[in-house]
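Following: one structure in structure tokens, then a few remarks.
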Protein chains: 2
Amino acid sequence: MDRADVNGVTARADVCSKAMTAPETRNERKERTRRALLDAALGLASERGFAGLSLREITKQAGVVPTAFYRHFESMDELGVTLVEESMRTLRTMIRGARNTPDGSADLIRASVRTLSEHVRSHEEHYWFLVRERYGGTGAVRQTIGVELKLLAGELAVDLARFDRLRDWSTEDLHMLADLIVSAMLATALELLEAPPGATAEITAEAERQLRLIFLGVPHWRTT
Amino acid sequence: MDRADVNGVTARADVCSKAMTAPETRNERKERTRRALLDAALGLASERGFAGLSLREITKQAGVVPTAFYRHFESMDELGVTLVEESMRTLRTMIRGARNTPDGSADLIRASVRTLSEHVRSHEEHYWFLVRERYGGTGAVRQTIGVELKLLAGELAVDLARFDRLRDWSTEDLHMLADLIVSAMLATALELLEAPPGATAEITAEAERQLRLIFLGVPHWRTT
DNA sequence: CGATTCAGTGAACGACTGTACACTCAATAT
DNA sequence: ATATTGAGTGTACAGTCGTTCACTGAATCG
């Protein structure tokens with residue numbers, strides 16, 4: 001039995017023949033298979049890459065016939081972009097989490113790296129998708145990620161501007177620093193994804209030291 | 001006419017019916033179509049990603065019938081690994097070029113970034129392949145690149161150890177620094193590939209400043 | 001209540017995929 | 001001069017692909 005039986009039609013018909021636990025409106029069910037399609041695509045893409053999966057495969061995994069796909073997405077590209085937006089939302093909540101650490105935190109770097117690490121671990125598929133398609137993707141998907149990532153670096157730059165030591169830096173320099181941090185953290189995310197869970201501590205330790213080194217240079221930078 | 005006519009059989013037969021410009025041994029011709037296959041695959045993969053190309057497509061572009069593929073490679077995976085090795089060789093010669101800048105160079109960072117930039121520009125397909133498959137790739141290809149990249153970071157660490165300021169750093173710290181540099185430079189390479197040639201100066205300038213910032217922190221690092 | 005809407009079905013299409021097999025015929029080896 | 005080798009050919013097959021179309025039937029609407 002391969003069919004995932006998303007909306008459980010058969011099961012429901014068996015269990016509650018009168019009216020019990022399924023006061024499911026039509027829109028709810030539509031939304032449910034939509035989610036099933038997205039989840040199936042995300043799961044498969046995080047293993048094999050978005051380019052390497054087929055419409056038929058996704059629908060099969062979602063427990064739906066191939067043609068049903070078109071009731072929800074106009075094309076694979078549209079589904080891809082939706083996935084990007086979703087994953088990006090995940091990433092953004094991570095950044096927000098890192099930003100909201102208690103202001104006078106004894107060790108802000110450690111807290112941030114920890115946030116990143118935990119978030120990656122608990123949203124592996126989203127991060128796999130982002131990291132893979134950022135570089136390996138094609139067309140619309142990769143470009144969307146690139147733009148969103150630049151935007152995110154921009155937000156980070158604004159955050160950085162609030163620190164005392166960075167108060168008088170030029171925006172150019174702040175962006176340079178933000179880009180550097182994003183690059184390093186993206187690489188860290190990939191290492192976390194690839195390595196066994198046991199290596200987490202080691203990887204985060206290195207990421208931490210990298211950030212620390214970067215910030216050691218900050219007081220000696222002569223902004224332009 | 002789509003056939004690339006790699007080994008120019010037809011043309012040769014027409015032009016020099018007796019014996020003129022083609023004293024081509026059998027092995028030479030075999031090597032030639034092998035190259036044609038590799039080039040075709042590299043070209044297509046740098047646009048669409050290695051996962052998204054087919055054997056038939058490669059052979060068509062190489063001007064050869066699909067089944068001929070198997071005379072040169074056992075599978076697509078073998079071709080992929082060959083491509084990785086080749087691209088890695090390219091990358092290595094780049095590093096060597098950066099290392100061999102005159103020892104007391106006034107500005108080693110600038111020279112290194114310049115070397116990177118020029119090398120990326122003149123080997124775009126190799127770098128596209130590396131960057132794409134490093135993250136987006138599947139199975140053997142991605143893993144091979146990951147290992148090779150770690151090795152390369154190791155070499156870089158050894159190079160770094162020769163600098164006065166880094167002489168007393170622990171190997172751990174040197175690796176941490178090397179990884180950071182590799183991450184930043186990989187991101188730079190991707191930006192160079194994605195941006196129009198006109199933006200080269202801007203991108204290299206940022207990369208330069210990032211490296212400069214990193215090295216500003218070096219004298220203040222307390223090694224473990 | 002009957003009429004309508006529309007998510008999901010199932011068969012069919014033409015195009016493309018990787019691979020098996022028997023072949024040709026020029027470059028080599030004897 | 002003859003035999004052998006092997007790179008490249010051509011046909012064929014069983015799958016999978018995306019997409020079309022007419023359809024069913026339950027939830028919704030009037």
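Quick caveat: nothing in here was measured; it's all calculated off a predicted structure. Proteins get letters first, then strands, A, B, ... in listed order; numbering begins at 1 in each.
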Walking DNA chain D from its 5' end, the first of A:S75 and B:P66 to be reached, judged by nearest nucleotide, is B:P66

Residue whose nearest DNA chain D nucleotide is more 5′ - B:R26 or B:A68: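 Closer to the 5' end of DNA chain D: B:R26.
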
Taking atom [atom2] of [N] as reference, at what distance in whole Å does atom [atom1] of [X] sit?
X: A:Y70; N: C:dA7; atom1: OH; atom2: P; value: 16 Å
X: B:R34; N: D:dG8; atom1: CZ; atom2: P; value: 12 Å
X: B:F69; N: C:dA20; atom1: CZ; atom2: C1'; value: 16 Å
X: A:K30; N: C:dT5; atom1: NZ; atom2: C1'; value: 12 Å
X: B:L55; N: D:dC17; atom1: CG; atom2: C1'; value: 17 Å
X: B:K60; N: C:dA15; atom1: NZ; atom2: P; value: 13 Å

Out of the candidates B:L55, B:T33, B:V64, only one should pair with B:F69 under the side chain to side chain contact (heavy atoms under 4.5 Å, CB included) rule; please name it. B:L55

Decide yes or no, distance alone: a donor-acceptor N/O pair under 3.5 angstrom between the base of C:dG8 and the side-chain of A:T67. no

Indicate, yes or no, whether a donor-acceptor pair under 3.5 Å links the base of D:dG18 to the side chain of A:R56.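 Indeed, a donor on one side and an acceptor on the other fall under 3.5 Å apart.
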
Of the listed nucleotides D:dG8, D:dT9, C:dG10, the one nearest the side chain of B:T33: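 The answer is D:dG8, which lies nearest to the side chain.
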
Proximal nucleotide (of C:dG8, D:dA7, D:dT19) relative to the A:R71 side chain: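 The listed nucleotide nearest to A:R71's side chain is C:dG8.
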
Verdict with reasoning, B:R96 to B:E155, per salt bridge (charged side-chain N to carboxylate O under 4.0 Å, His left out): CA-CA 10 Å; B:R96 205 173 310 136; B:E155 283 182 36; over 6 Å; no

So which atom in A:A45 and which in A:F129 form the shortest heavy-atom distance, rounded to 0.1 Å? CB-CD1, 4.0 Å

Closest non-hydrogen atom pair between B:R142 and A:W128, with its separation: NH2-CH2, 3.8 Å

Residue mapping more 5' on DNA chain C - nearest nucleotide basis, B:N27 or B:E57: B:E57

